[in-house]
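Everything on this sheet refers to the single structure shown next.
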Amino acid sequence: MTTEENGAGPSAEAHLERLNANLIKIDALSKRLTAALTRRKAADPALHGPSNDVFLKAATAYVAEMMQNPAKILEHQISFWGKSLKHYVEAQQALVKGELKAPPDPTPKDRRFSNPLWETHPFFNYLKQQYLMNAEAVTQAVSGLENIDPVDKKRVEYFSKQIVDMFSPTNFLGTNPDALERAVATDGESLVQGLENLVRDIEANSGDLLVTLADRDAFQIGHNIGTSEGAVVYRNRMLELIQYSPTTETVHETPLLIFPPWINKFYILDMKPQNSLIKWVVDQGFTLFVVSWVNPDASYADVGMDDYIRDGYMRAIAEVRSITRQKQVNAVGYCIAGTTLSLTLGHLEKAGDHSVKSATLFTTLTDFSDQGEVGVFLNDDFVDGIERQVAVDGILDKTFMARTFSYLRSNDLIYQPAIRSYMLGESPPAFDLLFWNGDGTNLPAKMAVEYLRGLCQEDRLAQGGFPVLGGPVTLSDIKLPVCAIACETDHIADWRSSYNGLRQFGSTDKTFILSQSGHIAGIVNPPSKGKYGHYVNEAPLTTPEAFREGASFVQGSWWPRWGEWLAARSGKRIKARGLGDSKHPVLAPAPGTYVLPAAQREALRQSVDVPV
């Protein structure tokens with residue numbers, strides 16, 4: 001009778017049998033992995049990392065520092081050597097005593113090393129302590145560089161940190177106790193599932209590796225996310241215009257039009273009823289329209305910023321005015337859509353067109369003199385590579401953008417998800433925000449280069465004028481009332497830069513609100529959660545430092561404050577409007593068709609014969 005038959009659990013033979021079976025599966029998956037990698041499309045080398053010039057400058061500065069101030073370098077090195085030697089001796093002494101015990105551990109807490117074995121097991125503890133010492137030494141060496149341009153130093157600091165983070169012992173199977181424990185406990189099944197996950201991701205991205213962050217089957221746009229009621233009432237090659245159904249008997253006379261960024265999809269503003277900005281706006285009594293941008297393919301290669309302004313912004317404004325029979329609309333722009341709304345407003349002002357009554361900007365950069373964290377990717381080495389690549393592809397592929405933004409938070413958006421998926425064999429979580437984060441869009445080739453060169457690199461909107469439909473536009477050309485909301489820990493649009501841009505507007509009516517949290521959570525911050533507060537300062541705009549020093553902190557979401565600001569500029573209350581009109585029939589229910597994945601879009605077209 002076997003051990004299993006006695007009810008004592010699997011026998012050693014059964015464990016070995018399962019382990020061997022899983023090793024065979026791993027061999028088969030390895031062949032599939034190799035095949036998937038061969039489908040990887042060649043990409044410009046510049047898109048995979050900074051030029052060697054970055055580290056050459058760092059090495060040159062370090063040598064210059066060593067020649068000019070050898071004592072400083074020696075002090076740093078000797079300190080590192082001393083810590084490393086002391087650590088080694090303490091580890092040896094613990095082993096000599098015959099105890100499987102780690103030496104004293106003075107290193108700071110780090111959530112990457114949450115497994116108790118990092119603290120108690122001498123092998124894992126030794127690796128952790130030495131890694132953190134090495135990381136500290138690299139960080140200090142880079143931060144101490146003096147004979148280097150500040151912009152270059154910022155890039156060296158960023159990319160050095162990326163290298164340090166990449167070499168964390170948690171990122172390797174042989175030095176990750178969580179992965180090793182799981183592999184032993186499952187007889188290798190976790191490694192088989194992890195390899196399955198890895199192959200799946202590479203196959204799904206045509207040979208490129210992009211970690212799946214959320215369960216793709218857990219969400220369906222229009223069914224359990226993006227569910228606010230409304231309809232597409234206008235469509236052209238650039239956008240679908242969605243009007244949302246009123247939930248109040250009366251509404252403000254002036255309609256509201258939101259332009260989301262076309263780098264991502266608009267339903268970040270309508271994830272679920274509890275945190276939907278779209279639903280909240282409608283519930284406050286505003287007639288709301290939202291633009292859903294097309295996800296371009298190579299046929300959009302020649303679409304530029306002027307096309308987004310003329311066929312996107314100006315067309316949407318005109319259609320909303322026509323549907324509501326109003327001379328003016330209030331407009332909102334989020335991120336890049338806020339930047340382009342600013343361009344549009346400047347152009348309209350110079351043309352004597354006052355179709356927009358007021359504007360609100362969410363996490364918007366208009367002054368790019370300080371590009372924030374994302375600026376490390378805006379030098380010529382990357383932008384030159386992008387320009388070469390989009391000339392071939394016709395688009396800036398969403399994969400490149402997703403990877404770039406993920407590396408701004410690499411531990412949270414790359415390494416930890418990869419560990420859970422590939423080493424532990426876990427399925428991605430059913431997390432709506434991460435689902436949206438992975439549902440990216442492409443950018444047209446011409447538009448991407450114009451934006452990166454003319455706005456990000458040359459800062460022409462703030463300095464000299466950016467060309468819009470034949471004429472230059474500057475920040476001082478914008479005259480209407482503006483409310484700008486920036487986010488305290490935003491790693492894409494630094495709040496100080498947002499403030500400096502607003503300060504240069506020609507408007508006399510300017511309001512700045514600083515929300516807690518980051519680029520998404522600071523904006524999608526419903527009052528019901530009571531999670532993040534905001535800062536306000538009624539003093540005239542001078543400097544970001546002066547704003548923060550004199551600001552009052554207000555507990556709770558900024559939404560109600562903005563709602564009051566908007567209501568004051570939205571006219572009297574009138575009877576709630578229906579969807580569209582005789583010239584704008586309902587073309588599709590919200591959230592429309594442009595937001596859907598290609599396969600779902602095609603299925604919808606075939607089932608209801610919608611011209612999408």
Side-chain angles (χ1 to χ4, degrees), residues 219-245 255-272 276-279 281-282 286-297 299-300 303 307-320 323 329 331-338 340-341 344 362 395 398 401 432 435-444 447 520 523-524 579-580 584-605 608 610-612:
F219 302 98
Q220 189 173 1
I221 302 167
H223 291 267
N224 55 359
I225 50 175
T227 58
S228 290
E229 291 187 11
V232 175
V233 292
Y234 175 80
R235 179 190 292 126
N236 66 14
R237 185 170 180 249
M238 298 297 297
L239 60 83
E240 287 185 328
L241 181 65
I242 302 171
Q243 181 181 0
Y244 283 90
S245 302
L256 180 66
L257 173 57
I258 296 180
F259 294 97
W262 53 92
I263 290 177
N264 298 104
K265 295 184 179 178
F266 83 92
Y267 65 88
I268 185 62
L269 300 176
D270 190 35
M271 297 291 278
K272 52 192 172 187
S276 171
L277 179 62
I278 285 173
K279 182 181 185 304
V281 167
V282 172
F286 294 98
T287 301
L288 177 63
F289 295 81
V290 177
V291 163
S292 174
W293 299 102
V294 72
N295 185 6
D297 56 24
S299 67
Y300 285 75
V303 169
D307 297 292
Y308 274 88
I309 291 170
R310 181 185 55 250
D311 301 330
Y313 285 75
M314 294 173 66
R315 175 48 54 198
I317 291 167
E319 300 302 329
V320 170
I323 292 170
V329 306
V332 177
Y334 191 170
C335 190
I336 185 177
T340 313
L341 175 59
T344 305
F362 295 165
I395 54 171
K398 61 183 180 181
M401 291 186 290
D432 56 0
F435 174 87
W436 169 85
N437 189 69
D439 189 18
T441 55
N442 307 315
L443 299 183
M447 172 263 140
I520 300 300
I523 296 300
V524 184
L579 300 182
H584 299 84
V586 170
L587 302 178
T593 61
Y594 280 5
V595 73
L596 301 177
Q600 192 177 344
R601 225 177 127 193
E602 177 61 21
L604 178 65
R605 187 190 69 78
V608 297
V610 174
V612 297

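Predicted, not measured: the structure shown is a model, and the values here were computed from it. Along the sequence shown, the residues carry numbers beginning at 1.
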Can any side-chain N or O of Y244 pair as donor or acceptor with the backbone N or O of V290 at less than 3.5 Å? no

Going from NZ on K279 to CG on L269, what distance comes out if it is rounded to the nearest 0.5 angstrom? 15.0 Å

Do Y300 and I395 touch side chain to side chain, with heavy atoms closer than 4.5 Å? no

Rounded to the nearest 0.5 Å, how far does NE2 of H584 lie from CD1 of I323? 4.5 Å

Counting C-beta onward and ignoring hydrogens, is there a side-chain heavy-atom pair between L256 and V329 closer than 4.5 Å? no

Rounded distance (nearest 0.5 Å) linking atom CD1 of I317 with atom CG of L341: 7.0 Å

Nearest 0.5 Å, what's the CH2-CD1 distance between W436 and I268? 4.5 Å

Quick one, I225 and F435 - any side-chain contact, counting heavy atoms below 4.5 Å? yes

Backbone N/O of E240 and side chain of S292: donor-acceptor pair under 3.5 Å: no

Where the side chain of N442 meets the backbone of D297, is there a donor-acceptor pair that is under 3.5 Å apart? no

Given side chains that start at C-beta, do those of D307 and M447 come closer than 4.5 Å, heavy atoms only? no

Sequence neighbours left out, what passes side-chain contact (heavy atoms from CB on, under 4.5 Å) with L239? Give chain and number order. Y234, N236, L241, V291, W293, A316

Indicate yes or no: at least one non-hydrogen side-chain atom of V332 is less than 4.5 angstrom from one of P260. no

Residues G222 and P591: closest non-hydrogen pair is CA-CD, 3.7 Å

With side chain to side chain contact (heavy atoms under 4.5 Å, CB included) as the test, would you mind laying out the steps for V586 and V232 before giving the verdict? CA-CA 6 Å; V586 170; V232 175; over 6 Å; no

For V303 and R237, what are the C-alpha separation, side-chain angles and deciding distance, and is it a side chain to side chain contact (heavy atoms under 4.5 Å, CB included)? CA-CA 11 Å; V303 169; R237 185 170 180 249; 3.7 Å; yes

Non-hydrogen atoms of V320 and P255 that approach each other most closely: CG1-CG, 3.7 Å

Centres of the Y313 and F259 rings: under 6.0 Å? yes

For residues 257-269, pull every pair meeting side-chain hydrogen bond (donor to acceptor under 3.5 Å, both in side chains), keeping only residues two or more places apart or in separate chains. K265-D439, Y267-D439

If you define the side chain from C-beta out and look only at heavy atoms, does anything of I278 sit under 4.5 Å from F266? yes

CD (Q243) and CZ (F289) are apart, to the nearest 0.5 Å, by 3.5 Å

Checking the side chain of T227 only, and the main-chain atoms of H223 only, is there a donor and an acceptor separated by less than 3.5 Å? no

Any idea which heavy atoms bring I242 and A590 closest together, and the distance? CG2-CB, 3.8 Å

Determine whether a donor-acceptor pair (N or O, by modelled atom type, separation under 3.5 Å) exists between the side chain of D311 and the backbone of M238. no

Measuring from F286:CZ to L257:CG, what's the distance to the nearest 0.5 Å? 14.0 Å

Pair L443, M401 - check side chain to side chain contact (heavy atoms under 4.5 Å, CB included), show working. CA-CA 9 Å; L443 299 183; M401 291 186 290; 3.4 Å; yes

I'd like to check the side-chain hydrogen bond (donor to acceptor under 3.5 Å, both in side chains) partners of S276; sequence neighbours left out, ordered by chain and number. D270

Report yes if some heavy atom in the side chain of R235 is under 4.5 Å from a heavy atom in the side chain of T593; otherwise report no. yes

Side-chain touch S228/K272, heavy atoms, less than 4.5 angstrom: no

